[in-house]
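Report on the following structure.
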Number of protein chains: 2
Amino acid sequence: MEKLDHRARVTRMLLRRAFTDLLKEKPIESISVKELCAAAGINRGTFYSHYQDLYDLRRQLEEELVEDLQRALAPLLENAPSPLEVTEGIFRCLRDNADVCTVVLGPCGDRGFVRRLLEGARASYLAGYTRYFAGASQRQLDYFYAFVSAGCIGLLERWLSEGMTTPAEEIAAAAEGIMLRGVGFLETEKG
Amino acid sequence: MEKLDHRARVTRMLLRRAFTDLLKEKPIESISVKELCAAAGINRGTFYSHYQDLYDLRRQLEEELVEDLQRALAPLLENAPSPLEVTEGIFRCLRDNADVCTVVLGPCGDRGFVRRLLEGARASYLAGYTRYFAGASQRQLDYFYAFVSAGCIGLLERWLSEGMTTPAEEIAAAAEGIMLRGVGFLETEKG
DNA sequence: GAAGTAAAACAACACGCTGTTCAATAACAC
DNA sequence: GTGTTATTGAACAGCGTGTTGTTTTACTTC
């Protein structure tokens, strides 16, 4: 069902490459279909035979990123390793999709997508935490998740802005450390 | 220098009210000047005699929010109270500007503005933390700030989404608790 | 209250982007 | 090679934009 014409695949690839390039320097709302097609060297009419509009194109990129994440995380979650290893796996996968991450999670990214992503992960995270912190109220758990999930995104953006030069494992360790110990993370850790 | 004609002030007020109302249901990029003026009952040409475009209008709203924040925080910072009191003051001020907060910090908000805001607060926060955690590296401090500043925004968005029903003091306490103790926040606190 | 001033309304304009259609051309699969 | 399918190029109406005049309305000052 994924069999596409050679030409169609090349066209889509050109469009996506030009799109991600443009998104590195300007938000989606100030990109026109016309300039995207000019950058990609594609006829404007051809674009409309593949996507409804620019938002449709972005949505498809985002969905593929989610699929990549799920593919990368599935084996990790089956083997039930330490939380740190899962976090490491996430950041490694994000690094391997750096170009798309820059687009959807970066400065000109899609806020709505990030929210959808965190909302999807919310259930499993809360399930895990609720077990260990039965004394905490539902509201406290909600606030905690809201804080740390947004915090991880903020850390990820910081990582993206420095070109992902720091190893994924170190970012994962920082995320784990801050989540577990708050400001205490600064007391003993070294970088 | 702030003296404006009565008519001009009414026009600006109508435009801003209509603008914030529209921003509650759709992002700025899918709002046209035409529909904004129709919603405000203002001639389209009049809009252009006040603002360059919709982004100019949004920028002015954001700047006024910053000024409000600074006015509210100045006395707090002079008296040098506890960090918790400063945090409480911030959340109280945000609650008092709920309509603008919903617009610029909410789901359809201005990502760039949030980044500018946190970048501005970065220096003073880091200065405070560096004093107490001289052992931590610059990079660790950067990561910590990236995490907790984004985390506070995430918590704020959660607060906005529930209509700011929870008292500002409780939200501030949660922010402080998570920043200071991480997941340990869930162990003893009650809600 | 009247004169002068400033803002808003109204209409019209060229411009650019949009989304679609059509015939013509090119590249693909069998 | 033949039929199929994608891409091209051109043309089209539609819509929002930003600007420019002109007229009308509302305010300020005396």
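Just the heavy atoms: all of them, side chains too, but no hydrogens, waters or symmetry mates, feed the values below. First the proteins, then the strands, lettered A, B, ... as listed; each starts at 1.
Contact between the side-chain N/O atoms of His50(A) and the OP1/OP2 oxygens of dT7(D) is found at a separation under 4.0 Å.
In this structure, the CZ atom of Arg9(A) is 12 Å from the P atom of dT7(D), given to the nearest Å. Atom P of nucleotide dT7(D) and atom CE of Met13(A) are separated by 13 Å, given to the nearest angstrom. For the pair Tyr51(A) OH and dA6(D) P, the computed distance is 14 Å after rounding to whole Å. Atom pair Asn43(B):CG and dT24(D):C1' shows a separation of 12 Å (rounding to whole Å applied). The distance between atom OH of Tyr55(A) and atom C1' of dG19(C), rounded to the nearest whole Å, is 16 Å.
For Gln52(A), the CD atom counts as loosely surrounded, since its 6.0 Å shell holds 12 or fewer non-hydrogen atoms of other residues, nucleotides or ligands. Taking a 6.0 Å sphere around NZ of Lys34(B), one finds it holds 12 or fewer heavy atoms contributed by other residues, nucleotides or ligands. When the shell of 6.0 Å around CZ of Arg59(A) is examined, it contains more than 12 heavy atoms from other residues, nucleotides or ligands.
With sequence neighbours left out, the ring-ring contact (aromatic ring centres under 6.0 Å, His included) criterion links Phe144(B) to Tyr129(B). Residues that satisfy the side chain to side chain donor-acceptor pair (under 3.5 Å) test with Thr11(A), not counting sequence neighbours, are absent from this structure. In this view, Glu157(B) and Arg111(A), Ile153(B) satisfy the side chain to side chain contact (heavy atoms under 4.5 Å, CB included) rule, not counting sequence neighbours.
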Query raised in the report: Would Asp99(A) and Arg17(A) satisfy salt bridge (Lys or Arg N to Asp or Glu O under 4.0 Å), going step by step from the backbone distance to the final call?
Result: CA-CA 9 Å; Asp99(A) 52 340; Arg17(A) 179 182 298 270; over 6 Å; no

Requested in this report: Please assess Glu119(B) against Arg115(B) for the test salt bridge (Lys or Arg N to Asp or Glu O under 4.0 Å), listing each intermediate value before the final yes or no.
Outcome: CA-CA 6 Å; Glu119(B) 197 58 33; Arg115(B) 292 179 68 237; over 6 Å; no

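Within residues 17-29 of chain B, no residue approaches DNA chain C, by heavy-atom distance under 4.0 Å.
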Please tabulate, one pair per line, each protein N/O and nucleotide N/O from nucleotides 17-19 of chain D that are separated by under 3.5 Å, including the distance.
from    : atom 1 : to       : atom 2 : distance (Å)
dT17(D) : OP1    : Val33(B) : N      : 2.9
dT17(D) : OP2    : Val33(B) : N      : 3.4
dT17(D) : OP2    : Lys34(B) : N      : 3.1
dG18(D) : OP2    : Tyr48(B) : OH     : 2.8
dG18(D) : N7     : Arg44(B) : NH1    : 2.9
dG18(D) : O6     : Arg44(B) : NH2    : 3.0

Please write out each protein N/O paired with an N/O of nucleotides 24-28 of chain C under 3.5 Å, distance rounded to 0.1 Å.
from    : atom 1 : to      : atom 2 : distance (Å)
dA27(C) : N3     : Arg7(A) : NH1    : 3.0

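A donor-acceptor contact shorter than 3.5 Å links the side chain of Tyr145(B) to the backbone of Leu118(B). Looking only at distances, a side-chain donor or acceptor of Glu35(A) sits under 3.5 Å from a matching main-chain atom of Ser32(A).
A cation-pi arrangement is not found for Arg58(A) relative to Tyr51(A), the charged atom failing to lie both closer than 6.0 Å to the ring centre and inside a 45° cone about the ring normal.
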